[in-house]
Number of protein chains: 2
Amino acid sequence: MLQNYKKGLINHKISPTTQRVKILEFLDKNRTHPTAEQVYLGLKDKMISLSKATVYNTLKLFVESGLIHELTVFENETRYEYNTENHIHFKCIKCGNIFDIHEGNKIFAESVINGHKIFDYQINLRGICNSCLNKNGENNA
Amino acid sequence: MLQNYKKGLINHKISPTTQRVKILEFLDKNRTHPTAEQVYLGLKDKMISLSKATVYNTLKLFVESGLIHELTVFENETRYEYNTENHIHFKCIKCGNIFDIHEGNKIFAESVINGHKIFDYQINLRGICNSCLNKNGENNA
DNA sequence: TCTAAAATTAGAATTATTCTAAATCTGTCA
DNA sequence: TGACAGATTTAGAATAATTCTAATTTTAGA
């Protein structure tokens, strides 16, 4: 199984060091759009010597190579995800969780608007998620 | 003219202190989606004693009252704008400027997707703006 | 005018991220 | 093998953005 991560890294011309394989595995198995800090905290127990700088460097490297996506979903948080297909992010203002939405995509891809050439885009929605709605009735506190 | 800003503040139940009026005026006259830092730098010459904390507090107050909008347009930058109508932001990866786009709006407003109730949304596009395209021909460096 | 609450201020504290320089690892080729 | 060069990792310092804190000033109302 780890072999797959190694292959993925090599395909992207990234030499598959232990740290990089573990970080990629973490992102694959934790599809919760973690922050760099959360990746670090999730791995440091198993990798005593892991440094935060390595996590930051590695995530940046993965983003630049197109292996993962970097998101900025309201409130100025940098988060990462393994899923690089176009999709929309929805953030619940109660529980704070971020959900993926696979509808209404590819609206803007490779289009030209007002003479600006568009390469990529982010669509972020904000509101109350279905499970918070069910919990509290319909009070928008 | 300043009277209008005062009225605007009072309408939003915000007491119109000197600092608040000046900050609102700055946002009205500088429609470049400035950061908090830029607001501070733009005003401190005329208001010697202005504190950064006041700028941050005031911007947050304005956002909470709905007087201005807070944006997060890629690269984790918090910016502010006076224009609170729904619109799309386009960021040029060459010059870094952020442009407003008034097309394709109101797609998601007040809708429900996957059972999540949507209150507001941000759509951020990224690419090369028309003036950068004209400058350099069409090299996507 | 007096007073209480609100607002502002300067600077310290916090948080996220990047930088730096030293140490370690990896692959290659004599 | 084993020694070198380059890549990678590391710990901790440095930086940048933002928030907190406690003191001071301003404001609005009785």
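Being a predicted model, the structure only gives us computed values, none of them experimental. Lettering of chains follows the sequences in order, A, B, ..., and the numbering in each one begins at 1.
- Remark: C1' of C:dA16 and OH of A:Tyr80 are 10 Å apart, rounded to the nearest angstrom.
- For the pair A:Gly115 and B:Leu133, the tightest heavy-atom approach, listed with the atom from each and the gap, is O-CD1, 3.5 Å.
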Taking distance alone, no hydrogens or angles, what donor-acceptor pairs closer than 3.5 Å link side-chain atoms of residues 50-63 of chain B to residues at least two apart or in another chain?
{"unit_1": "B:Ser51", "atom_1": "OG", "unit_2": "B:Ala53", "atom_2": "N", "d": "3.1"}
{"unit_1": "B:Lys52", "atom_1": "NZ", "unit_2": "B:Glu37", "atom_2": "OE1", "d": "2.7"}
{"unit_1": "B:Asn57", "atom_1": "ND2", "unit_2": "B:Ala53", "atom_2": "O", "d": "3.2"}
{"unit_1": "B:Thr58", "atom_1": "OG1", "unit_2": "B:Thr54", "atom_2": "O", "d": "2.6"}

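- For the segment residues 47-64 of chain A, the set of residues with a heavy atom within less than 4.0 Å of an atom of DNA chain C comprises A:Ala53, A:Tyr56, A:Lys60, in numerical order.
- Between B:Cys129 and B:Phe99, the shortest heavy-atom distance links the atoms CB-CE1, 3.4 Å.
- Screening A:Asp100, A:Leu27, A:Ile68 for a side-chain contact (heavy atoms from CB on, under 4.5 Å) involving A:Glu81 leaves a single residue, A:Asp100.
- Put simply, CD on A:Gln38 is 16 Å from C1' on C:dT17, counting in whole angstrom units.
- Residue A:Thr17 places none of its side-chain N or O atoms closer than 4.0 Å to OP1 or OP2 of C:dC25.
- The aromatic rings of B:His89 and B:His33 sit perpendicular, their planes meeting at an angle over 60°, well past the 30° parallel limit.
- Distance CG/B:Asn124 to CG/A:Asp120: 10.0 Å, rounded to 0.5 Å.
- Between C:dA7 and B:Ser15, a contact under 4.0 Å exists linking OP1 or OP2 to a side-chain N or O.
- Heavy atoms of A:Thr35 sit nowhere under 4.0 angstrom from any nucleic acid atom.
- For B:Gln122 against B:Leu71, the heavy-atom pair with the smallest separation is NE2-CA, 3.7 Å.
- The outermost nucleotides of DNA chain D lying under 4.0 Å from heavy atoms of chain B, listed 5' to 3', are D:dA17 to D:dC20.
- By the 30° and 60° cut-offs, the orientation of the rings of A:Tyr5 relative to A:Tyr82 is perpendicular.
- Residue-level contact check: B:Gln19 touches the backbone only, with heavy atoms under 4.0 Å from sugar-phosphate atoms and none from bases.
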